[in-house]
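Right, one structure below, let's go through it.
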Amino acid sequence: MGIKGLNAIISEHVPSAIRKSDIKSFFGRKVAIDASMSLYQFLIAVRQQDGGQLTNEAGETTSHLMGMFYRTLRMIDNGIKPCYVFDGKPPDLKSHELTKRSSRRVETEKKLAEATTELEKMKQERRLVKVSKEHNEEAQKLLGLMGIPYIIAPTEAEAQCAELAKKGKVYAAASEDMDTLCYRTPFLLRHLTFSETKKEPIHEIDTELVLRGLDLTIEQFVDLCIMLGCDYCESIRGVGPVTALKLIKTHGSIEKIVEFIESGESNNTKWKIPEDWPYKQARMLFLDPEVIDGNEINLKWSPPKEKELIEYLCDDKKFSEERVKSGISRLKKGLKSGIQGRLDGFFQVVPKTKEQLAAAAKRAQENKKLNKNKNKVTKGRR
DNA sequence: ACCGTCC
DNA sequence: TCGTCTGGCACAAGACGGT
DNA sequence: TGTGCCCGACGAC
């Protein structure tokens with residue numbers, strides 16, 4: 001998943017589109033999160049000494065529930081209201097990529113069988129991690145009991161996250177995945193979760209600023225991303241990030257670039273356009289993805305179902321009752337203090353007038369100052 | 001900031 | 001020679017709480 | 001699975 005090297009391009013050409021800030025500056029915000037991606041990370045990372053996953057007595061995996069529970073609590077503690085979005089059916093174009101992945105799986109399984117050392121076995125085992133239907137359903141059950149809203153997307157979760165942000169149902173999409181920008185989410189938050197414990201600050205990427213900074217339309221930006229390399233199709237062999245940007249700037253679209261290369265005017269023999277290249281379909285998947293209209297979605301954060309939560313996590317999954325109870329009170333507290341939260345619908349309409357842009361710039365300035373002051377305060381205390 | 005533990 | 005792409009490799013991916 | 005880093009290959013200048 002993702003767009004190869006896009007982060008590097010933005011960091012280099014439009015660093016001003018990435019605002020770096022503290023988790024505190026998102027207090028009162030709602031965000032949409034790709035649930036399946038989170039579950040995958042938890043399944044890989046939440047392990048014990050011997051490399052095995054956390055389980056209950058029956059041997060059922062609990063790593064994903066553990067991760068989901070505590071990460072969500074952490075966000076609630078910080079006044080952030082998460083909404084999780086689960087993947088639906090992958091689009092047909094992705095099947096190439098998916099068959100590639102499954103053939104890699106077969107090889108990994110072989111290696112696992114051949115592995116001699118425990119260490120080697122552990123490594124290969126992690127590569128085999130896959131988010132199952134059961135993992136997803138268990139996570140959904142947990143979220144339901146916690147009173148956290150979730151959505152099952154028709155196809156790509158990233159696209160649905162962006163849709164929620166575009167319609168003002170949430171402030172931003174939170175993801176490590178750069179292709180969320182292709183769906184034109186107003187804001188993309190990277191490193192949202194581990195920012196407090198780790199050194200990386202939260203990166204807030206403003207899609208409109210990226211487009212303006214690169215001086216590309218959204219269509220051209222998507223074409224650039226396809227050339228950089230996405231999940232849906234191949235890219236032009238011999239064209240890396242530098243050339244891709246140059247080409248899109250001078251020719252304006254992949255159609256024109258293909259024309260240019262095939263005409264031989266480029267004096268370049270090394271560039272190889274893929275045969276039967278479905279770039280037009282890939283482009284449409286980004287520009288017009290299948291999503292549930294954000295206007296039809298009503299996100300609600302409800303009080304946790306205490307008794308059932310304890311039954312599920314403690315009785316069934318063997319979580320510490322003390323910790324779960326403390327989690328429940330954190331949930332209740334966090335939801336109370338938020339009350340109405342902040343207004344996330346500010347950027348509802350995509351086209352902006354000059355006045356709106358000026359106002360947005362002013363707000364950004366003020367936020368910056370605010371963050372600086374906050375940092376000073378916290379530093380002073382320590 | 002480390003490091004063992006969570007389940 | 002410089003710039004750019006490719007392919008090889010290693011590495012790490014959570015959160016909590018006590019010290 | 002992706003990301004950065006180092007490397008050699010290969011055109012461009």
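Keep in mind that this is a model prediction, so the values were computed, not measured. Proteins get letters first, then strands, A, B, ... in listed order; numbering begins at 1 in each.
Rounded to a whole angstrom, the distance from the P atom of dG8(C) to that of dC10(D) is 15 Å. Going from the P atom of dA12(C) to that of dC3(B) covers 15 Å, rounded to whole Å. Going from the P atom of dA13(C) to that of dC2(B) covers 13 Å, rounded to whole Å.
Ion pairing between a basic and an acidic side chain is recognised when a charged N comes within 4.0 Å of a carboxylate O; Glu219(A) and Arg283(A) show no such pairing.
In this view, Tyr183(A) and Phe286(A) satisfy the ring pair (Phe, Tyr, Trp, His ring centres under 6.0 Å) rule, not counting sequence neighbours. Taking the ring pair (Phe, Tyr, Trp, His ring centres under 6.0 Å) definition, one finds that Trp271(A) meets it with nothing, sequence neighbours left out. In this structure Ser235(A) satisfies the side chain to side chain donor-acceptor pair (under 3.5 Å) test with no other residue, sequence neighbours excluded. For Glu259(A), the side chain to side chain donor-acceptor pair (under 3.5 Å) criterion is met by no residue, not counting sequence neighbours. Annotation: side chain to side chain donor-acceptor pair (under 3.5 Å) contacts of Asp316(A) (sequence neighbours excluded): none. Listed by chain and number, the residues in a side chain to side chain donor-acceptor pair (under 3.5 Å) with Thr72(A) are Tyr84(A) (sequence neighbours excluded).
Interface residues of residues 313-328 of chain A facing DNA chain B, ordered by number: Lys317(A), Lys318(A), Phe319(A), Ser320(A); criterion, heavy-atom separation under 4.0 Å. A heavy atom lying under 4.0 Å from DNA chain B marks the following residues of residues 59-66 of chain A, by number: Thr62(A), Met66(A).
At the heavy-atom level, Gln49(A) lies under 4.0 Å from base atoms of the strands shown. Counting non-hydrogen atoms under 4.0 angstrom, Gln48(A) reaches a base of the nucleic acid.
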Identify each atom pair where a protein N or O and an N or O of nucleotides 1-7 of chain C are less than 3.5 Å apart, giving names and distance.
{"unit_1": "dC5(C)", "atom_1": "OP1", "unit_2": "Gly240(A)", "atom_2": "N", "d": "2.7"}
{"unit_1": "dC5(C)", "atom_1": "OP1", "unit_2": "Gly240(A)", "atom_2": "O", "d": "3.2"}
{"unit_1": "dC5(C)", "atom_1": "OP1", "unit_2": "Thr243(A)", "atom_2": "N", "d": "3.2"}
{"unit_1": "dC5(C)", "atom_1": "OP1", "unit_2": "Thr243(A)", "atom_2": "OG1", "d": "2.6"}
{"unit_1": "dC5(C)", "atom_1": "O5'", "unit_2": "Gly240(A)", "atom_2": "N", "d": "3.4"}
{"unit_1": "dT6(C)", "atom_1": "OP1", "unit_2": "Gly238(A)", "atom_2": "N", "d": "2.9"}
{"unit_1": "dG7(C)", "atom_1": "OP1", "unit_2": "Arg237(A)", "atom_2": "NH2", "d": "2.7"}

Only distances under 3.5 Å count here; give the side-chain donor-acceptor pairs of residues 132-150 of chain A to other protein atoms, sequence neighbours excluded, each with its distance to 0.1 Å.
{"unit_1": "Ser132(A)", "atom_1": "OG", "unit_2": "Glu134(A)", "atom_2": "N", "d": "3.3"}
{"unit_1": "Ser132(A)", "atom_1": "OG", "unit_2": "Glu134(A)", "atom_2": "OE1", "d": "3.4"}
{"unit_1": "Ser132(A)", "atom_1": "OG", "unit_2": "His135(A)", "atom_2": "N", "d": "3.1"}
{"unit_1": "Ser132(A)", "atom_1": "OG", "unit_2": "His135(A)", "atom_2": "ND1", "d": "3.1"}
{"unit_1": "His135(A)", "atom_1": "ND1", "unit_2": "Ser132(A)", "atom_2": "N", "d": "3.0"}
{"unit_1": "Asn136(A)", "atom_1": "ND2", "unit_2": "Ser132(A)", "atom_2": "O", "d": "3.2"}
{"unit_1": "Glu138(A)", "atom_1": "OE1", "unit_2": "His64(A)", "atom_2": "NE2", "d": "2.7"}

Name each donor-acceptor pair under 3.5 Å that joins a side chain in residues 297-306 of chain A to protein atoms two or more places apart or in another chain, with its distance.
{"unit_1": "Trp301(A)", "atom_1": "NE1", "unit_2": "Pro82(A)", "atom_2": "O", "d": "2.9"}
{"unit_1": "Glu306(A)", "atom_1": "OE2", "unit_2": "Lys332(A)", "atom_2": "NZ", "d": "2.7"}

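Heavy atoms of other residues, nucleotides or ligands lying less than 6.0 angstrom from NZ of Lys325(A) number 12 at most.
In this structure, the separation between CD1 on Ile310(A) and CG on Asp315(A) is 8.5 Å, given to the nearest 0.5 Å.
In this structure, the CZ atom of Arg190(A) is 14 Å from the C1' atom of dA13(C), given to the nearest Å.
Checking Asp77(A) against Ile44(A), the closest nucleotide of DNA chain C that is more toward the 5' end is the one next to Ile44(A).
In this structure the side chain of Cys230(A) never reaches within 4.5 angstrom of the side chain of Cys225(A), judged on heavy atoms. Side-chain contact between Val14(A) and Leu209(A) is absent, with no heavy-atom pair separated by less than 4.5 Å.
Where DNA chain C pairs in unbroken runs of 3 or more (Watson-Crick or G-U, both distances under 3.5 Å), the stems are B:1-6 with C:14-19, C:1-5 with D:8-12, C:7-12 with D:1-6.
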